[in-house]
Protein chains: 2
Amino acid sequence: MLNETNAQCPVARALEVLGDRWALMILRDAFDGLRRFSEFQKNLGLAKNILASRLKLLVESGLLQLQPASDGSAYKEYVLTEKGRSVFPLVIALRQWGERFLFEAGEARSALLEQATGQAIAPLQVRTEDGRVLRPEDCQRRLVRHG
Amino acid sequence: MLNETNAQCPVARALEVLGDRWALMILRDAFDGLRRFSEFQKNLGLAKNILASRLKLLVESGLLQLQPASDGSAYKEYVLTEKGRSVFPLVIALRQWGERFLFEAGEARSALLEQATGQAIAPLQVRTEDGRVLRPEDCQRRLVRHG
DNA sequence: CCGTATCCATTCCGATACTG
DNA sequence: CAGTATCGGAATGGATACGG
C-alpha cells in the first residue's frame with residue numbers, strides 16, 4: 001500500500017498495522033478486558049483461523065503479548081502491551097465519532113458515553129502545546145510531510 | 001463484518017466507514033489540503049477506479065462533498081464536510097501513535113510534530129469531563145457495550 | 001480449549017483501455 | 001482532467017476438519 005512518499009508518513013505507517021479490518025476491533029475488545037482466544041472469537045464472530053492470524057500479527061507488531069492465564073489454567077492470554085495500550089486515544093476517537101454521527105436520535109445515545117467509572121468522557125480535542133484548540137484548517141499542508 | 005452484538009457498538013460502526021484500506025489515507029490528504037481527483041491519485045498512488053469508488057463512498061457517507069473548483073476550472077473538488085472534519089482527532093491520534101512507535105531513532109522524529117503553525121501538537125489524552133486523565137485500565141468492560 | 005491446515009467463495013486491487 | 005468498464009491475480013474471509 002505504501003509508496004515512497006507515504007512510507008515516511010506516520011499516519012500511513014500506523015494504518016499498515018491498525019488499518020486492518022479486524023485489528024482495531026480486537027484492540028477494542030482488549031480494552032474491554034477480553035484476553036482469551038475464545039472470548040475474542042465469541043464476541044467478534046469471526047473464523048478461528050482469521051482470528052489466529054490477526055492475533056499473531058498483533059503479537060508480532062508488539063501490541064499484544066502472550067501471558068500465562070491469570071486463572072491458573074494451562075492456556076495463554078493476550079494482554080495489551082504499552083504500545084497496545086497507547087492505541088487507547090485512537091479507539092476513543094473512533095468511538096466518539098461513531099456516537100456522534102452514526103447513531104439516530106432514537107438509539108439511546110445518552111448512555112453511550114457512560115463508563116465503568118460512571119464518569120463521562122470529554123470529547124477529544126487536538127491542542128497545541130500552549131493549550132490552544134487546533135482545527136483542521138489551521139494546519140493544512142503540514143499534517144503529513146516532513147520538510 | 002458486524003454481528004448483532006457489534007452492530008450497536010459505535011467503534012464497530014465507525015470502522016465500517018473508516019476501517020477501509022484507503023478511507024483514512026484519503027481523509028489525511030484532505031486534511032493536508034488536497035481536493036482534486038488527480039492530486040489524491042498522485043499522492044496515494046492507487047488505481048483510478050479504486051480511488052473513484054472510495055471517493056464515491058466517502059461522499060455517500062457524508063464525509064466529503066463535491067464542489068465547483070475553486071480555481072474557476074470546469075471540474076469539481078472534494079472537500080471535507082463537518083462530519084469529515086470531525087475525523088481530525090482520529091487522524092492525529094494515528095499520527096502520534098505512528099510517530100511514537102513506528103519510527104527509529106535515526107529517522108528525524110523531532111521534525112514530525114511541527115505544524116504549519118510552527119506550533120507542536122500536544123499528545124492527545126483521554127479525559128473525563130471533570131478533567132482527570134482516563135487510562136485504559138480505568139474503564140474495562142464498559143468501552144463498548146451499553147447496558 | 002486453543003489453535004493449525006485445507007479448501008472454496010468472495011472481495012479487493014492494479015493495470016489497462018476507453019469516454020466525455 | 002475526471003472518471004468508467006473490464007479483466008485477472010492476489011488477498012481475505014468463512015466453514016470445516018483435525019491435532020496438541
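Per chain, numbering begins at 1; letters A, B, ... match sequence-line order.
Listed by first and then second residue, the ring-ring contact (aromatic ring centres under 6.0 Å, His included) pairs that reach into residues 68-92 of chain A are Phe31(A)-Phe88(A), sequence neighbours excluded.
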Chi angles and distances behind the side chain to side chain contact (heavy atoms under 4.5 Å, CB included) call for Phe37(B), Lys48(B): CA-CA 9 Å; Phe37(B) 189 93; Lys48(B) 284 193 293 183; 4.0 Å; yes
Side chain to side chain contact (heavy atoms under 4.5 Å, CB included) assessment of Gln96(A) paired with Leu124(A): CA-CA 8 Å; Gln96(A) 293 183 341; Leu124(A) 278 175; 3.7 Å; yes
Per-nucleotide pairing state of DNA chain C [Watson-Crick or G-U, under 3.5 Å; [ ] pseudoknot-crossing; | other strand]: |.||||||||||||||||||
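Looking only at side-chain heavy atoms (C-beta outward), Thr128(A) and Ile121(B) stay at 4.5 Å or farther from each other. Put simply, the side chain of Cys9(A) reaches to within 4.5 Å of the side chain of Arg28(B), judged on heavy atoms.
Contacts of Asn49(A) classified as side-chain hydrogen bond (donor to acceptor under 3.5 Å, both in side chains), with partners at least two apart in sequence or in another chain: none. Not counting sequence neighbours, Phe40(B) has no partner by the ring-ring contact (aromatic ring centres under 6.0 Å, His included) test. Taking Glu16(B) as the reference, nothing meets the side-chain hydrogen bond (donor to acceptor under 3.5 Å, both in side chains) condition, with sequence neighbours excluded. For Arg21(B), the side-chain hydrogen bond (donor to acceptor under 3.5 Å, both in side chains) test picks out no residue, with sequence neighbours left out. Looking at residues two or more places apart in sequence or on another chain, you find a side-chain hydrogen bond (donor to acceptor under 3.5 Å, both in side chains) between Glu77(A) and Arg35(A), Ser70(A). Among residues two or more places apart in sequence or in another chain, the side-chain contact (heavy atoms from CB on, under 4.5 Å) test is passed with Ala14(B) by Leu94(A), Trp97(A), Leu102(A).
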Please output the side-chain donor-acceptor pairs of residues 52-66 of chain A that fall under 3.5 Å, not counting sequence neighbours, one pair per line with the distance.
unit_1, atom_1, unit_2, atom_2, d
Ser53(A), OG, Ile50(A), O, 2.9
Arg54(A), NH1, Asp20(A), OD1, 2.5
Ser61(A), OG, Leu57(A), O, 2.8

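Nucleotide dA2(D) holds its C1' atom 13 Å from the CD atom of Glu39(B), rounded to whole Å. Counting to the nearest Å, the P atom of dA2(D) and the CG atom of Leu34(B) are 12 Å from each other.
Within residues 70-80 of chain B, no residue places a heavy atom under 4.0 Å from DNA chain C.
When DNA chain C is scanned 5' to 3' for any atom under 4.0 Å from a heavy atom of chain A, the first and last hits are dC1(C) to dT6(C).
In this structure, Lys42(B) reaches neither bases nor backbone, as no heavy-atom distance under 4.0 Å exists between it and the strands shown.
Between Asp71(A) and Arg36(A) a salt bridge is recorded (basic side-chain N to carboxylate O distance below 4.0 Å).
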Enumerate the protein-to-nucleotides 12-19 of chain D contacts in which both atoms are nitrogen or oxygen and the separation is below 3.5 Å.
unit_1, atom_1, unit_2, atom_2, d
dG13(D), OP1, Trp22(A), NE1, 3.4
dG13(D), OP2, Arg54(A), NH2, 2.8
dG14(D), O6, Asn49(A), ND2, 3.2
dA15(D), N6, Asn49(A), ND2, 2.2

